[in-house]
Structures are given as C-alpha cells and as structure tokens.
K.L.:
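Supplied in structure tokens, the structure appears directly below.
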Amino acid sequence: MPDGNTRSYTSGVTGMDIANDISKSLAKKSIAIVINEKECDLSLPIENDVSISIITRDQDAALELIRHDCAHVLAEAVQELFPGTQVTIGPSIENGFYYDFYRETPFTIEDLPKIEKKMRQIIERGNPFTREVWDRNEAIKFFKEKGEAFKAELIEDLPESETITIYKQGEWLDLCRGPHMPTTKQVGTAFKLMKVAGAYWRGDSNREMLSRIYGTAWRTQEELDAYLHQLEEAEKRDHRKLGREMDLFHFDPKAQGSCFWHPKGFTIYNQMETYIRRRVNDAEYVEVKTPQLMDQKLWETSGHWQKYREDMFVVPDVTPNTEEGEPIFKEEPKDFMALKPMNCPAHVEIFKQGIKSYKDLPIRMAEFGCCHRNEAHGALHGLLRVRQFTQDDGHIFCREDQILDEAVAFCELTQKIYKDLDFEDYYLTLETRPEERIGSDELWDKAENGLKQAMDHLGLKYEIAEGDGAFYGPKLGFIVKDAIGREWGCATLQIDFNLPRRFEATYIGEDGEKHYPVMLHRAILGTLERFIGIMIEHFAGKLPLWLAPTQCAIATITSEVDDYAQNLYEQLKANGMRPILDTRNEKISYKVREHSTGKVPVIFVIGKSEAEENTVSIRRLGSQKTESMNAEEAVKALIEEAKPPY
RNA sequence: GCUGCUGUAGCUCAGUGGUAGAGCGCACCCUUGGUAAGGGUGAGGCCGGGAGUUCAAUUCUCCCCAGCAGCACCA
C-alpha cells in the first residue's frame, strides 16, 4: 500500500475487492489501480505480491482515464448514430481527448450536440468496461468482417508479442490497451465536444483524411467551466486580435503570410532589434548584411536546392517579356535565383573571403537576416508563421575544441535575454538527425554529442525529438507556448560540420594545414516576427514600458491647460520617449478609457490644479489608483523607468 | 498542401429570393467636462471573385480566392 503497510489477500483478488475491503466509500470513488507502477483495471486479478495504490476519481491521475473513457463513449455514440462510420484511434490529450473516424462525409459542428446527447445517454446507462484478451488473427478477422479496416490494420502492425486486448462497454467494443474505469458512469457529465477537424490516418499526409472530433473532459463541472473560461481569456490575448486592436500590424491577401508593420508595431520591432543588437555586440559578435537573392549555384552547393527547394521562392534569372498578350517568359527559363530561406550560405561566403587562421576563431557573425520561405498555405498563422521574416541570426565559425564553450555561451546569452524580456515559460528540445540529411553519420554523432554536452554542462533539462533536426545538423530548440497552448520554436542552436565542407571553407591550423571550421547556426529570438507575436500574447498587449509603442499619454481635462501639457510632452519627447498629447475635446473619462484599452502603460492626467501646482496626476495601466507627483520628478522618473534593460 | 467552417461598412456582428441594418470608430455641431464610453447630425457597402438556376441572387448551386480551426510541414 502507498502508506507502507502490507495487506494479504488470496491470489486472484482484484483492485475493487481490495478497495471494498478497505472501505465502502473508497470503493465507490475508485476508478483504477496502479500495480507495480503500472495503471490497471480495478477488475484485474492480482496473482502475486505487488505494490499497489488505488486511483480515485478525485485525483489528478483520474483525468487521463476520464478522457480516455470519454473518447470510447464518443466512438460508441458516433457508431450508434452514424452506422458505417469506421473507428480508428481516440487518445486522451492535454485538456481533453479526440477520436478519429473514417466516414464518407466528415462530421460538422452541427453534428456535435446530437453526438453529445447520445454520449450522455451512454454514460447514464453505466455499462461496465470489460477487458478481454483476443487471439491476434481472430481479432484481425473480426474487425475485417466488421468492415473496420483501420482497426484491422492497427492490429496487423502490432508486434507479434503484443497481447491483443479488447474493451467492451455493453455491446460496443474497441481494440484498446486500457486501462479503463469500472463503468461508463464514472466519465461523469463534465465534458463537452469542442470542434471537428481533419487529421491524416497515422499522421501521414499520403494516407486517408479522417474526421477528428475533439472534446474536453474534467472531473467536475467547476473544472470544465474554469477551462472554458480560460480558453475565452486566451482568445483575448491572441496577437492577431491585439495587433488589430492596438494598430500594430496587418496582413493582406496581396502579400499572404507577410506582415505590414504599422508605425506602432514597427516601434516594438525596432526596439527589439536595437536591444538584440546591443546584447549580441556585447557578446563579441560582428554584424553583417547579405544579399536577398542569390544564385541557384550557391543553393546547390549548400544543399538547399536538393533538400529545401519546395520551401523556397525561386525566381527565373531572365528578363520578363512586357508585350501584351505574350507569355511572361518567351522561353523556358534555364537559370534561377532564389530568395534566401536562410542566411548561412551567405555567411560562409563572407567567412571565405581572405585566409583565416586558427587564431581568428571563433568568428561570431550576426545578421538581422530577412528570409523568405514558401510555407504551405495552411501553415500560415499571424506573426507566428509567416513567409517573410527576419531572423536574429548568427553563425559561429569555430574549432572543434571550442564547440562546448560556444554552445554554453549561447545558452547563457539566451537565458539572459529571455530573462530581460520577462520570458520564463519555455522548454528545451534536442532534435536529432532527420532521414533527409547531408553529411556522414560520424559527423552527426559528433554534432549531437556536442549539443548534449553543452546542455548537460549547464544542467538544462531537455526533451529529445528524434529525427527532427535540420538537414545539415542537429538542433537545440527553445520552445514556447502561445496564448492558446500552441507551441512554437524560438531560439535555436544547430551544430553543423557539413556546410563548411560543401563550401570548401577552411582555416589554417596551428599545424599549418587547412582545416574545416565547425559552424554553429544560432538565433535567440528565432525571428523578430514570431517573438513579438508571442510577446504580445505573453503580456496580453501590456508591453513593458521600454517596448510599448506609446509610453505615456498626456491627457488634458480642459483646454486651459494645453500649454502646460504641451510642455510636458516636449520634455518627454526630448528625452527619447514616445509620449502622445491628447488635448481633444473629450471628457477625461473618455480619454482614460481609450488609452487604457489602447494599452498605454502610463497616463498623465492634467487639469487646472496640476497646472497651478506644477504636478501631474499619474494613472498606470491596470490600476484604478492615481498618484499625484511634482511634474519634473514625474518626468525624470518615467524617463528612468523607460530605459531598456541594457 | 489536405479536411471542415467562414467571408455583409474601418472594426465587431445582425439580416433577406425583390440590390441592406446595428453598435463602435470616423466627420461636423453643441458641450471645457476630474480618472474606463456626454449629446446631436452626417458620411460610409459591387453583401470576397466568377459562373449557373431564376422574371429577379447578397441570399440557392458549382468553381476559384482568402481567412479561421485542426492535420501535415516548420523559425
């Protein structure tokens, strides 16, 4: 038992027997049992001496079971309502569950209330979940005859050694590893079907498109309500919505996936660029600028032409025809240029100019590199996934013995910057060699180990994502979440032994011989666009003073004090701040409201008494309170407060 | 790119087989008002684009385009 006590039962006792033996009330709320650290059904007979703990419905561990059971109930409901629909898989996920179905006509949201109603009936029925072990071939035959081709395929692909278990709830059954709660009743009523979407069978875009139904499920109605409320709140933070409301930027079909930065948005952009430039300069980088359009030959050398072309914008290197009614190109273009999707080849070109000595290394080259990638239409998403973006890119050319130091320095720099930006909510990944790649396995081993060492050295925890690396090298990634829980890669460090070889980029070593440098590809924000998008969501639009497009609104109560207000405005302006002067013929409440909804961090309210006493009334965003202060002191304090963190 | 949904005023959204409405915003007028919406008047729409059905289409059907959600792909 979890409390360290030991209990004795005859062989074959079940979890439910034990729960009943302990107390009726425990039995009532028990839903599963952990046997030797493995979650099992309460009905599973226990044959040997084991350690157990019983899971009750009020524990956190119950959520996954509730959601998984709810998915089964969903599948039963769907098959009851829509005969002929094939079932596939239906796992529990963060905050809920889904089930993928195959059906000629996909489900629409209109179907959901009906399905949900049926689910409630099934739950009310309270059929017990019963587990059966089936013979593999029998199971395949059974599902095939039933017309469940997807289930049959699943079983066929299970290893021979795997026990095939079937879970029944009343008449309905499903292939499932389990475990499940005693009856459908335990699912409860705190669930809701949320949305429908397409999803590829087995995540493969070459396979069938299935119809996925998403749902959320919780232990209590309160939890469900809280979750739904949280979703609403998250939507309010959506950077696309705030970008429009705050007049920061817009997107237009005429430039799909590329951002039109408005004056206010571009102010944030410029502040970020200036900040990073400063930090990177302090970290001994040199800044460069490289061409936007480069020849096919260069991309062939780098490998992009072979491995990355479908993501590139390729431009024929031909003079277009301007005669009306004629084709744009009189003949099939033979020579091509491409808009750069990455800056690395151009940086290698700079490295290659002149002869480098081992004493010159490391060379840390930085660029705010504007890149274009031909992203799939469906991938575009506000600022978080665009076709044109500016990376805070950098490439470190170093010797092998410098990799660890450089990787560590990069991680430290990133952590420092994320801290400055009040950004703590991220996790690390190590993405290893993908199938489509360049370079020998030996070099990949070295590169992957290099990253591991650096992270271990710093004591950073990371998840390994097998096969997710770039085609030229493994990646260390900083992953952050947006307002609605979607995850986005930002900072990245990639170790690359390949590109210098492909470009014949060398340095002269201590031994007088030529050697290939190692190239570390790295970005800290990732891209300015994405990072700003995530920051807008992170701060819910209420950016820190140094980043806020408008830092202070000076709002007058009466036109009699316009001159006094004008003077304050000029003082702030003269000190590099971004104030606005609001002397409009409106009531002060109106002005306060407008600037508050506009997320202006500070409002100076100026009336007669302020002008007479040489003070300002200060109101901060998110606060109802006001503070009166001597005008000179207020201006001075605000200027100090608005200084960037460098 | 795939599946589904959506596309009406600058924004948020109603609505109808007989070519349109609200609130906010905008312009003008009145109002000089003390910390989240003062009042009035007015301008503003090829109802995403194209085809079809119909006497008649913003409304129904089809095709395109775009946006959104998810999938796949990725900074």
Side-chain angles (χ1 to χ4, degrees), chain A residues 98 100 103 105-111 194-214 238 240-241 244-245 247 250-254 256-257 308 310-311 341-342 369 371 373-386 389-393 431 468 470 475 477-480 484 486-492 494 521 523-531 533-534 555-562 583-598 603-610 617-619 621-626:
Chain A
Y98 67 78
D100 285 347
R103 186 167 176 250
T105 45
F107 297 106
T108 70
I109 35 166
E110 278 84 54
D111 297 323
M194 303 294 284
K195 54 194 174 190
V196 292
Y200 295 111
W201 170 232
R202 300 196 143 179
D204 183 343
S205 56
N206 297 313
R207 303 289 309 262
E208 293 87 341
M209 176 60 75
L210 306 172
S211 183
R212 175 175 295 180
I213 298 178
Y214 281 95
D238 192 312
R240 294 165 300 182
K241 185 177 155 71
R244 203 182 309 112
E245 286 171 4
D247 192 21
H250 82 272
F251 285 89
D252 188 280
K254 292 184 274 297
Q256 259 182 67
Y308 205 77
E310 66 173 17
D311 286 311
M342 300 182 193
C371 296
R373 293 186 192 171
N374 198 351
E375 301 288 353
H377 290 79
L380 302 177
H381 184 92
L383 285 175
L384 304 188
R385 192 75 181 274
V386 286
F389 51 85
T390 301
Q391 294 180 314
D392 62 325
D393 205 2
E431 303 173 19
D468 282 350
K475 290 199 245 186
F478 284 65
I479 312 295
V480 310
I484 346 184
R486 282 179 285 223
E487 297 184 342
W488 303 91
C490 287
T492 178
Q494 304 162 14
H521 305 240
I524 291 172
L525 303 180
T527 71
L528 283 153
E529 284 80 1
R530 175 174 294 175
F531 206 88
I534 287 176
T556 54
I557 293 170
T558 160
S559 52
E560 288 172 51
V561 299
D562 284 2
T583 56
R584 290 175 304 171
N585 177 13
E586 295 291 351
K587 289 202 166 184
I588 193 60
S589 298
Y590 183 92
K591 295 184 185 181
V592 165
R593 178 173 197 275
E594 189 173 280
H595 297 125
S596 299
T597 54
I603 304 173
F604 282 1
V605 174
I606 308 299
K608 270 186 209 164
S609 57
E610 283 78 10
S617 171
I618 304 169
R619 183 183 167 122
L621 183 57
S623 167
Q624 239 75 275
K625 281 181 285 187
T626 61

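Note that these values count all heavy atoms, side chains included, but never hydrogens, waters or copies made by symmetry. Throughout, a chain's letter reflects where its sequence line sits, starting with A, and its residues are numbered from 1.
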K.L.:
Find the partner of B:G25: check Watson-Crick (N1-N3 plus N6-O4 or O6-N4) and G-U wobble (N1-O2, O6-N3) distances, both under 3.5 Å, and reply none if neither fits.
P.N.:
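Partner of B:G25: none found under 3.5 Å.
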
K.L.:
Is there a side-chain polar atom (N or O) of A:Arg619 under 4.0 Å from OP1 or OP2 of B:A36?
P.N.:
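Yes.
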
K.L.:
Taking 4.0 Å as the cut-off, does a side-chain nitrogen or oxygen of A:Gln256 come that near to OP1 or OP2 on B:A66?
P.N.:
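Indeed, a polar side-chain atom of A:Gln256 lies that close.
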
K.L.:
Heavy atoms under 4.0 Å, any strand shown: does A:Gly489 hit a base, just sugar-phosphate, or nothing?
P.N.:
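Sugar-phosphate, backbone atoms only, no base.
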
K.L.:
Rounded to whole angstroms, how far apart are CG on A:Asp204 and C1' on B:C2?
P.N.:
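Rounding to the nearest Å, CG of A:Asp204 and C1' of B:C2 are 12 Å apart.
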
K.L.:
Roughly, in whole Å, what's the span from CD in A:Glu375 to C1' in B:C71?
P.N.:
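From A:Glu375 CD to B:C71 C1': 15 Å.
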
K.L.:
Report yes if at least one side-chain N or O of A:Arg244 is closer than 4.0 Å to OP1 or OP2 of B:U12; otherwise report no.
P.N.:
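Answer yes for this pair, as a side-chain N or O of A:Arg244 is under 4.0 Å from OP1 or OP2.
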
K.L.:
Give A:Lys608 one of three labels, base, sugar-phosphate or nothing, depending on what nucleic acid heavy atoms sit under 4.0 Å from its own.
P.N.:
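Counting heavy atoms under 4.0 Å across all strands, the contact made by A:Lys608 includes a base.
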
K.L.:
Base, sugar-phosphate, or nothing for A:Glu487, non-hydrogen atoms under 4.0 angstrom?
P.N.:
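Counting heavy atoms under 4.0 Å across all strands, no contact is made by A:Glu487.
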
K.L.:
Using a 4.0 Å heavy-atom cut-off across all strands, classify A:Ser205 as base, sugar-phosphate, or nothing.
P.N.:
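Sugar-phosphate contact only - A:Ser205 comes under 4.0 Å of backbone atoms but never of a base.
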
K.L.:
What's A:Phe389 touching, base or sugar-phosphate or nothing? Going by heavy atoms closer than 4.0 Å.
P.N.:
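Here A:Phe389 touches the bases of the nucleic acid.
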
K.L.:
With a 4.0 Å cut-off on heavy atoms, is A:Ala376 in touch with a base, just the backbone sugar-phosphate, or nothing at all?
P.N.:
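Base, at least one base heavy atom under 4.0 Å.
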
K.L.:
Just checking A:Ser609: base, sugar-phosphate only, or nothing, at a heavy-atom cut-off of under 4.0 Å?
P.N.:
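Here A:Ser609 touches the bases of the nucleic acid.
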
K.L.:
Is a donor-acceptor pair below 3.5 Å formed from side chain A:Arg385 to base B:C73, judging by atom type as modelled?
P.N.:
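Answer is yes: a donor-acceptor pair is held.
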
K.L.:
Decide yes or no for A:Thr556 and A:Lys591: does some side-chain heavy atom of the first lie under 4.5 Å from some side-chain heavy atom of the second?
P.N.:
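A side-chain contact under 4.5 Å exists here.
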
K.L.:
OP1 or OP2 of B:C68 less than 4.0 angstrom from a side-chain nitrogen or oxygen of A:Arg240, does that happen here?
P.N.:
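The answer is yes; a side-chain N or O of A:Arg240 sits under 4.0 Å from OP1 or OP2.
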
K.L.:
Does B:G44 have a Watson-Crick or wobble mate here (both distances under 3.5 Å), and if so which one?
P.N.:
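Its partner is none (no Watson-Crick or G-U wobble pair with both distances under 3.5 Å).
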
K.L.:
Name the nucleic acid region contacted by A:Thr492, choosing base, sugar-phosphate or nothing; use a 4.0 angstrom heavy-atom cut-off, strictly under.
P.N.:
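Since no nucleic acid heavy atom lies under 4.0 Å of A:Thr492, the category is nothing.
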
K.L.:
Looking only at side-chain N and O atoms, does A:Arg486 come under 4.0 Å of OP1 or OP2 in B:A69?
P.N.:
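Answer yes for this pair, as a side-chain N or O of A:Arg486 is under 4.0 Å from OP1 or OP2.
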
K.L.:
Nearest whole Å is fine: how far is B:C73 P from A:Asn206 CG?
P.N.:
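To the nearest whole Å, that distance equals 11 Å.
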
K.L.:
Establish, with yes or no, whether the OP1 or OP2 oxygen of B:G25 is under 4.0 angstrom from a side-chain nitrogen or oxygen of A:Tyr590.
P.N.:
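Affirmative; the distance criterion is met.
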
K.L.:
Have a look at A:His381 and say if it touches a base, only the backbone sugar-phosphate, or nothing, with a 4.0 Å heavy-atom cut-off.
P.N.:
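Sugar-phosphate contact only.
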
K.L.:
Go nucleotide by nucleotide along RNA chain B from the 5' end; which of A:Ala197 and A:Ser211 gets its closest nucleotide reached first?
P.N.:
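Between the two, 5'-proximity favours A:Ser211.
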
K.L.:
Nearest to the side chain of A:Arg373, which nucleotide is it out of B:U35, B:A72, B:C74?
P.N.:
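When the side chain of A:Arg373 is considered, B:C74 is the closest of B:U35, B:A72, B:C74.
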
K.L.:
Pick base, sugar-phosphate or nothing for A:Gly607, based on heavy-atom distances below 4.0 Å to the nucleic acid.
P.N.:
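Here A:Gly607 touches the bases of the nucleic acid.
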
K.L.:
Counting only Watson-Crick pairs (N1-N3 plus N6-O4 or O6-N4) and G-U wobbles (N1-O2, O6-N3), all under 3.5 Å, who is the partner of B:C68?
P.N.:
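Paired with B:G4.
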
K.L.:
Does A:Arg212 have a side-chain nitrogen or oxygen under 4.0 Å from the phosphate oxygens OP1 or OP2 of B:G4?
P.N.:
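Indeed not, no polar side-chain atom of A:Arg212 lies that close.
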
K.L.:
Side-chain contact test, heavy atoms from C-beta onward, threshold under 4.5 Å: evaluate it for A:Leu380 versus A:Gln256 and give yes or no.
P.N.:
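Result yes, sub-4.5 Å side-chain heavy-atom pair found.
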
K.L.:
Base, sugar-phosphate, or nothing for A:Phe531, non-hydrogen atoms under 4.0 angstrom?
P.N.:
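Nothing: the residue A:Phe531, judged by heavy atoms under 4.0 Å, touches no strand.
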
K.L.:
So what's B:G33 paired with, Watson-Crick or G-U wobble, going by both distances under 3.5 Å?
P.N.:
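Here B:G33 is not engaged in any pair, so there is no nucleotide opposite it.
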
K.L.:
Starting at the 5' end of RNA chain B, which residue's closest nucleotide do you reach first, A:Glu560 or A:Met209?
P.N.:
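Upstream on the strand: A:Met209.
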
K.L.:
Are A:Lys625 and A:Arg619 packed together at the side-chain level, in the sense that at least one heavy-atom pair is separated by less than 4.5 angstrom?
P.N.:
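No; the side chains remain at least 4.5 Å from each other.
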
K.L.:
Can you tell me how far C1' of B:C73 sits from CH2 of A:Trp488, to the nearest Å?
P.N.:
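Between C1' of B:C73 and CH2 of A:Trp488: 11 Å.
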
K.L.:
Under a 3.5 Å cut-off for both contacts, is B:C55 paired Watson-Crick or G-U wobble with anything, and if yes, with which nucleotide?
P.N.:
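Partner of B:C55: B:G18.
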
K.L.:
Taking atom C1' in both B:G17 and B:C55, what distance in whole Å separates the two?
P.N.:
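Going atom to atom, C1' in each nucleotide, I get 12 Å.
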
